[in-house]
K.L.:
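I have a structure I would like to understand better, so I am pasting it below and will then ask my questions one at a time.
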Amino acid sequence: MTKPREWPNSAKEARDRSAEEAIRALRAIEPLLEKEVTEIERVRRLAIAIHALQTILRLLEREGAQTRP
């Protein structure tokens, strides 16, 4: 098996931060599937997830990911 190539520092940081933000988004929305929450709590959790996903997108775009506007 060949050894995985080292990531450049900036790409490694983007990968790691993206993974952390993905976890944040999942933790925000998973309770919505498991229990009843108020409408305000639902909106708050969805806003957290949207923000985390936007952060992931920006991190990946900064490293050259091609996205549609």
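Hydrogens, waters and symmetry mates play no part in the numbers below; they use all other heavy atoms, side chains included. Predicted, not measured: the structure shown is a model, and the values here were computed from it.
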K.L.:
Which donor-acceptor pairs under 3.5 Å do the side chains of residues 23-30 make with protein atoms, sequence neighbours left out?
P.N.:
from  : atom 1 : to    : atom 2 : distance (Å)
Arg24 : NH1    : Glu21 : OE1    : 3.3
Arg24 : NH1    : His51 : ND1    : 3.4

K.L.:
If you draw a 6.0 Å radius around CD in Glu34, do more than 12 non-hydrogen atoms from other residues or ligands fall strictly inside?
P.N.:
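Atom CD in Glu34 is crowded, with more than 12 foreign heavy atoms closer than 6.0 Å.
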
K.L.:
Check which hydrophobic residues are tied to Ile56 through side-chain heavy-atom contacts below 4.5 Å, counting indirect links as well, and list them.
P.N.:
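Other cluster members: Leu53, Leu60.
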
K.L.:
For Glu39, what residues pass the salt bridge (Lys or Arg N to Asp or Glu O under 4.0 Å) criterion, not counting sequence neighbours?
P.N.:
Arg42

K.L.:
Apply side chain to side chain contact (heavy atoms under 4.5 Å, CB included) to the pair Thr38 and Glu41, showing each step before the final yes or no.
P.N.:
CA-CA 5 Å; Thr38 66; Glu41 181 66 9; 3.3 Å; yes

K.L.:
With salt bridge (charged side-chain N to carboxylate O under 4.0 Å, His left out) as the rule and sequence neighbours excluded, what pairs involving residues 57-69 come up?
P.N.:
Arg58-Glu61

K.L.:
Atom CD1 of Ile50 and atom CZ of Arg45: how far apart are they, to the nearest 0.5 Å?
P.N.:
14.0 Å

